[in-house]
Amino acid sequence: MSERTIEKVAEVLRAALEAAAGAALERLAAAREAETKSDGSPVTAADRAAEAAALEVIQGAFPGDAILGEETGEHAGGGWAWTIDPIDGTRGFVRGGESWGPLIAAAEAGVVRAGGMALAVRGRHYWAAEGMGAWRGDERIALAAPPPLERATLVVGELRPLLADPGGAAVRELIAEAACVRCPGDLASFAFFLDGHADAWLEAGVQPWDLGPFPILAREAGAVFTTARGTQDLGEGTGLVAREPLHGTLLARWKVALEG
């Protein structure tokens, strides 16, 4: 087994992203051949192939690690724990869109230490590792200080869960007060934020693997990641990312609505 360093973890992460993105791209022509899972979401041969490709890379480097894959479930292990969403945005993938790609994260003792994502069709990869910064390919990401809410651009994920009760009223108010709101969809929404096109990102109604790399990408880019309740528990299925003080402004409003 390879020696464990954060640099090695980052190297394996990037290789797994490349492998997953490549496997999905190879099957893009057959994207419309989708099945429906028990939760009503689509799954394709590309999802399974992309997850298998990522698993092969990670298990080859760190065979004792635990892994949670969206398609293959839990792979028991100790030490570090990985999450894999082989294609975030399968619905878009099936329809020939470009906002899809893999999300991969590596955590130690419950804290995400490395993570990344790839917009495969656009050939854009984002990754971060603790103490190493956040990167778009070989370009380091540095986010600008945010304006106040009334001059800010928000980017959002799934609108239906975001606007649902009990926090929906607060989210609607935040959207109404912001200068601009965008919704590219799937991981492209978070890329929109990392690219500096938005000042804050909000998401709800998702699974832990849908959020896996975002805490470390945000932190290493100079922003703050929390759930809507202000925790780091990805199992809550919500996410809020912005630089301070905008993050605090948004969190105070959303959290109070959820807990009220």
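Relative ring orientation between Phe190 and Phe214 is described as parallel, the plane-to-plane angle staying below 30° on a 0-90° scale split at 30° and 60°. Using a 30° and 60° split on the angle between ring planes, Trp127 and Trp135 fall in the parallel class, below 30°.
Neither Val181 nor Trp201 shares a network with the other; the hydrophobic side chains, linked directly or stepwise wherever heavy atoms of I, L, V, M, F, W or Y lie under 4.5 Å apart, form separate groups for each. Under a hydrophobic clustering in which Ile, Leu, Val, Met, Phe, Trp and Tyr are joined whenever their side-chain heavy atoms come within less than 4.5 Å, directly or via other members, Val241 and Ile175 fall into different clusters. Residues Leu103 and Leu211 share a single hydrophobic cluster, defined by chaining ILVMFWY side chains whose heavy atoms lie under 4.5 Å apart. No chain of hydrophobic side-chain contacts below 4.5 Å, direct or via other Ile, Leu, Val, Met, Phe, Trp or Tyr residues, connects Phe193 to Leu202. A continuous path of hydrophobic side-chain contacts links Leu149 to Leu240 [ILVMFWY only; heavy atoms under 4.5 Å].
Defined by atom type and a distance below 3.5 Å, a donor-acceptor pair is present between the side-chain atoms of Thr231 and Glu236.
Asp88 contributes a side-chain N or O that, together with a main-chain N or O of Leu187, makes up a donor-acceptor pair within less than 3.5 Å. Under a 3.5 Å cut-off, the side chain of Asp233 and the backbone N or O of Gly235 do form a donor-acceptor pair. Judged by distance alone, with hydrogens and angles left aside, the side-chain atoms of Arg136 form a donor-acceptor pair with the main-chain N or O of Leu194 at under 3.5 Å. Judged by distance alone, with hydrogens and angles left aside, the side-chain atoms of Arg243 form a donor-acceptor pair with the main-chain N or O of Leu143 at under 3.5 Å.
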Hey, mind stepping through Trp100 and Phe93 against ring pair (Phe, Tyr, Trp, His ring centres under 6.0 Å) and telling me if it holds?
-> CA-CA 6 Å; Trp100 58 270; Phe93 176 83; 4.7 Å; yes
Stepwise, does the side chain to side chain contact (heavy atoms under 4.5 Å, CB included) test hold for His75 with Trp82?
-> CA-CA 9 Å; His75 301 254; Trp82 298 71; over 6 Å; no
What do the steps show when you test Arg172 against Leu163 for side chain to side chain contact (heavy atoms under 4.5 Å, CB included), and what is the final call?
-> CA-CA 7 Å; Arg172 283 191 290 271; Leu163 298 179; 3.5 Å; yes
Take Glu51 and Arg48 through the test salt bridge (charged side-chain N to carboxylate O under 4.0 Å, His left out) and record every step on the way to the result.
-> CA-CA 5 Å; Glu51 186 158 315; Arg48 299 188 178 101; over 6 Å; no
Check against side chain to side chain contact (heavy atoms under 4.5 Å, CB included), Val155 and His197 | CA-CA 9 Å; Val155 62; His197 304 317; over 6 Å; no
Let me see the working for Gln232 and Thr226 under side chain to side chain contact (heavy atoms under 4.5 Å, CB included), right down to the final yes or no.
-> CA-CA 5 Å; Gln232 296 292 311; Thr226 66; 3.9 Å; yes
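Annotation for Ala120 and Leu25: closest pair O-CD1, 3.7 Å, computed over non-hydrogen atoms. Heavy atoms only, all atoms of each residue included: Ile84 and Ala54 are closest at CD1-CB, 4.0 Å. The minimum heavy-atom distance linking Val57 with Ala15 is given by the pair CG1-CB, 3.8 Å. Closest approach of Val9 to Ala106, counting heavy atoms only: CG1-CB, 4.0 Å. Between Thr238 and Ala228, the shortest heavy-atom contact is OG1-N, 2.9 Å. Across Leu217 and Gly116, no two heavy atoms sit closer than the pair CD1-CA, 4.5 Å.
Dense packing is recorded around CZ of Arg219, with more than 12 heavy atoms of other residues, nucleotides or ligands lying under 6.0 Å away. Other residues, nucleotides and ligands contribute at most 12 non-hydrogen atoms within 6.0 Å of the CD atom of Glu56. By the neighbour-count criterion of 12 heavy atoms within 6.0 Å, atom CD of Glu74 is sparsely surrounded, having that number or fewer from other residues, nucleotides or ligands.
For the atom pair CZ of Arg113 and CE of Met132, the computed distance is 14.5 Å after rounding to the nearest 0.5 Å. Atom CG of residue Asp47 and atom OG1 of residue Thr44 lie 3.5 Å apart, to the nearest 0.5 angstrom. The distance from the CG atom of Asp195 to the CD atom of Glu139 is 8.5 Å, given to the nearest 0.5 Å. Here the CD1-CD distance, from Ile216 to Glu130, works out to 5.5 Å after rounding to the nearest 0.5 Å. Atoms CG and CD, from Asp186 and Glu203 in turn, are 8.5 Å apart once rounded to the nearest 0.5 Å. Here the straight-line distance linking atom CD of Glu158 with atom SG of Cys183 works out to 7.5 Å at 0.5 Å rounding.
Looking at heavy atoms from C-beta onward, Val43 lies in side-chain contact with Glu71 at the 4.5 angstrom threshold. Contact of the Leu162 side chain with the Trp254 side chain is registered, since non-hydrogen atoms from C-beta on lie closer than 4.5 Å. With a 4.5 Å cut-off on side-chain heavy atoms, Glu70 and Gln207 do not count as touching. The side-chain heavy atoms of Glu108 and Ile6, taken from C-beta on, include no pair separated by under 4.5 Å. The shortest distance between side-chain heavy atoms of Glu18 and His125 falls below 4.5 Å. For the pair Pro215/Leu234, a side-chain contact is recorded, criterion being any heavy-atom separation below 4.5 Å from C-beta on. In this structure, the side chains of Ile58 and Trp80 stay at 4.5 Å or more apart for every pair of heavy atoms. Contact check for Asp85 versus Thr83: no side-chain heavy atoms found under the 4.5 Å cut-off.
When each of Thr249, Leu246, Thr153 is tested with Pro146 by the rule side chain to side chain contact (heavy atoms under 4.5 Å, CB included), just one qualifies, namely Leu246.
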